[in-house]
Colleague: 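Below you'll find the structure I mean.
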Amino acid sequence: MSVFSIVFPLIFIVLLGYGAAKTQFLEQIHIAGLSKFTFYISVPAFLFLNMAQADLAHSFNSATLWAFYVPVISIFLLGAVLDRYLFKKQHHRASSHAVYALGCSYSNTVLVGLPIIIAAMGNAMIGSVFMIITFHSALLFALTFLLSAKGQEQAFSWRQFAKTMLLNPVVMSITSGLIINILGITLFNDLAIGIELLAQPAIACALFVLGSNLAFYRIGEDWQQALLASVIKIVLLPAFVFAFGHFVIALPQDQLTIVVLLSAAPLGVNAYLVANQIGQHQATLASTVVLSTLLCVISFSVWLSILLPN
């Protein structure tokens with residue numbers, strides 16, 4: 001498939017969602033309902049079913065995890081340093097540095113990365129993708145909250161954090177599917193068909209919801225900070241992943257393609273929710289969500305042309 005054939009259908013659905021929200025054909029309450037169906041029913045059904053049926057023997061590769069997470073953590077630390085020393089107008093709080101670091105390193109793996117990989121490589125590599133995204137939010141959110149708690153009276157609660165992560169629908173669905181797969185349990189045929197029907201609209205709904213939510217975000221006055229975070233997120237991070245995975249770890253081409261495309265995904269909306277919870281860089285991360293999502297079209301096109309065979 002050509003790069004255009006891979007990217008255009010996904011962009012089309014995102015733009016359709018944006019147009020539906022911007023013209024108020026769908027009001028915010030409608031989008032909220034669609035989002036709830038997407039993230040609590042359809043996407044978990046998709047993740048569970050594919051994880052339950054994945055070829056685990058060819059899915060888990062510790063080298064792939066290293067190739068993805070070493071650059072991600074490095075960029076996270078870089079973002080914290082930049083916020084500490086570059087933005088003089090900001091209050092030098094650990095919580096501010098932590099949130100900006102998250103904005104430079106957290107990828108929208110489920111809504112954007114996964115659809116791109118499926119469009120480019122098919123469903124054969126889904127198991128490897130799930131092994132990466134299972135730890136993605138847990139690791140980066142834990143780092144963010146730990147750094148934010150530095151110097152504050154209220155300590156970071158591992159118990160509450162673990163509970164939140166374990167109850168996350170993405171983590172729950174992948175973990176449940178993994179258990180079913182390991183135990184060799186075969187789903188009742190009619191049940192499997194029902195879950196498959198719920199899973200079918202997952203990718204389209206996720207992209208549509210992504211586009212519709214973009215209509216409610218704005219690029220604020222601190223766009224320079226957001227632009228820097230966006231460039232780090234969708235240019236520097238995937239370049240680091242590519243260099244580390246190719247020259248240091250020597251990943252097979254298919255695994256290298258997966259980690260680079262996942263890292264090239266734009267900033268996920270959940271990072272903005274964390275910024276709201278901590279109370280730092282809310283406007284910056286909202287702007288970064290918009291800018292990185294718009295610019296990732298260029299980034300994905302470049303990486304697809306480099307990574308996929310002609």
Side-chain angles (χ1 to χ4, degrees), residues 4-50 103 106-119 133 136-137 167-173 194-221 223 226 230 233-234 264-277 281-301:
F4 180 81
S5 298
I6 294 170
V7 174
F8 177 78
L10 309 181
I11 296 175
F12 171 74
I13 298 175
V14 171
L15 290 176
L16 194 63
Y18 179 83
K22 197 69 176 177
T23 60
Q24 297 186 342
F25 176 76
L26 292 180
E27 298 177 7
Q28 197 160 0
I29 190 172
H30 302 143
I31 296 168
L34 181 58
S35 298
K36 203 164 188 178
F37 166 77
T38 301
F39 300 122
Y40 286 90
I41 298 177
S42 189
V43 167
F46 176 86
L47 298 176
F48 169 79
L49 195 61
N50 281 277
Y106 183 72
S107 300
N108 198 336
T109 54
V110 176
L111 269 69
V112 182
L114 183 59
I116 283 286
I117 290 172
I118 291 174
I133 66 178
H136 181 243
S137 294
L167 294 179
N168 180 283
V170 171
V171 175
M172 285 184 65
S173 56
I195 296 175
E196 186 175 359
L197 288 174
L198 286 173
Q200 284 177 359
I203 299 301
C205 283
L207 293 170
F208 188 90
V209 167
L210 171 65
S212 61
N213 282 326
L214 285 178
F216 303 110
Y217 290 88
R218 298 289 183 271
I219 298 176
E221 295 180 357
W223 63 268
S230 299
K233 175 66 206 65
I234 63 172
L267 179 65
V269 175
N270 284 340
Y272 170 71
L273 301 180
V274 171
N276 273 334
Q277 184 176 347
H281 275 307
Q282 299 97 313
T284 302
L285 263 63
S287 299
T288 305
V289 169
V290 177
L291 286 172
S292 63
T293 302
L294 295 175
L295 295 174
C296 79
V297 176
I298 301 173
S299 177
F300 276 131
S301 299

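When reading the values below, keep in mind they use all heavy atoms of this one structure, side chains included, and skip hydrogens, waters and symmetry mates.
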Colleague: Distance-only, no hydrogens or angles: does the S292 side chain make a donor-acceptor pair with backbone N or O of S230 under 3.5 Å?
Modeller: no
Colleague: Rounded to the nearest 0.5 Å, what separates atom CD1 in I41 from atom CG in L198?
Modeller: 7.0 Å
Colleague: Quick one: OG on S173 to CG on N168, what's the gap to the nearest 0.5 Å?
Modeller: 8.0 Å
Colleague: Suppose the criterion is side-chain hydrogen bond (donor to acceptor under 3.5 Å, both in side chains): which pairs have a residue in residues 107-117, not counting sequence neighbours?
Modeller: S107-K233
Colleague: Can you tell me if F216 has over 12 outside heavy atoms packed within less than 6.0 Å of its CZ?
Modeller: yes
Colleague: Do V289 and L214 come within less than 4.5 Å of each other through their side chains, counting heavy atoms only?
Modeller: yes
Colleague: Considering residues at least two apart in sequence or located in another chain, which fulfil the side chain to side chain donor-acceptor pair (under 3.5 Å) criterion with S137?
Modeller: Y106
Colleague: With a 4.5 Å heavy-atom cut-off, do P44 and F48 have their side chains touching?
Modeller: no
Colleague: Just by modelled atom types, is the I31 backbone N or O under 3.5 Å from a matching donor or acceptor in the S212 side chain?
Modeller: no
Colleague: Grab the two heavy atoms, one from A226 and one from T284, that are nearest each other, plus how far apart they are.
Modeller: CB-O, 3.6 Å
Colleague: State which residues pass side chain to side chain contact (heavy atoms under 4.5 Å, CB included) with V110; sequence neighbours excluded, sorted by chain then number.
Modeller: V43, I133, V170
Colleague: Between T293 and P266, is there a donor-acceptor pair closer than 3.5 Å when you use the side chain of the first and the backbone of the second?
Modeller: no
Colleague: What residues, two or more places apart in sequence or in another chain, satisfy side chain to side chain contact (heavy atoms under 4.5 Å, CB included) together with K36?
Modeller: Y40
Colleague: How far apart are the closest heavy atoms of A271 and L285, and which atoms are they?
Modeller: O-CD2, 3.3 Å
Colleague: Can you sort out the partners of A199 under side chain to side chain contact (heavy atoms under 4.5 Å, CB included), two or more places apart, ordered by chain and number?
Modeller: A45, F46
Colleague: Quick one: ring-ring contact (aromatic ring centres under 6.0 Å, His included) partners of Y272, sequence neighbours excluded?
Modeller: Y217
Colleague: Of all the heavy-atom pairs spanning S301 and V7, show the shortest one and how long it is.
Modeller: OG-CG2, 4.3 Å
Colleague: Check the pair F300, V112 against side-chain contact (heavy atoms from CB on, under 4.5 Å), reporting the backbone distance first and the verdict last.
Modeller: CA-CA 10 Å; F300 276 131; V112 182; 3.5 Å; yes
Colleague: So, using side chain to side chain contact (heavy atoms under 4.5 Å, CB included) as the criterion, who are the partners of Q277 when residues are at least two apart?
Modeller: F145
Colleague: Listed by chain and number, what are the ring-ring contact (aromatic ring centres under 6.0 Å, His included) partners of F8, not counting sequence neighbours?
Modeller: F4
Colleague: For residues 14-29, dump all side-chain donor-acceptor pairs below 3.5 Å to protein atoms at least two apart in sequence or in another chain.
Modeller:
residue : atom : partner : partner atom : Å
T23     : OG1  : G19     : O            : 2.7

Colleague: List in chain and number order the residues that pass side chain to side chain donor-acceptor pair (under 3.5 Å) with T288, two or more places apart in sequence or in another chain; answer none if no residue qualifies.
Modeller: none
Colleague: How far apart are the closest heavy atoms of V209 and S35, and which atoms are they?
Modeller: CG1-OG, 3.2 Å
Colleague: If you compare all heavy atoms of I11 against all heavy atoms of V297, which two are closest, and at what distance to 0.1 Å?
Modeller: CD1-CG1, 3.5 Å
Colleague: OG/S299 to CD1/I234 distance, rounded to the nearest 0.5 angstrom?
Modeller: 5.0 Å
Colleague: Hey, which of V269, L210, I203 is the one that makes side-chain contact (heavy atoms from CB on, under 4.5 Å) with L111?
Modeller: L210
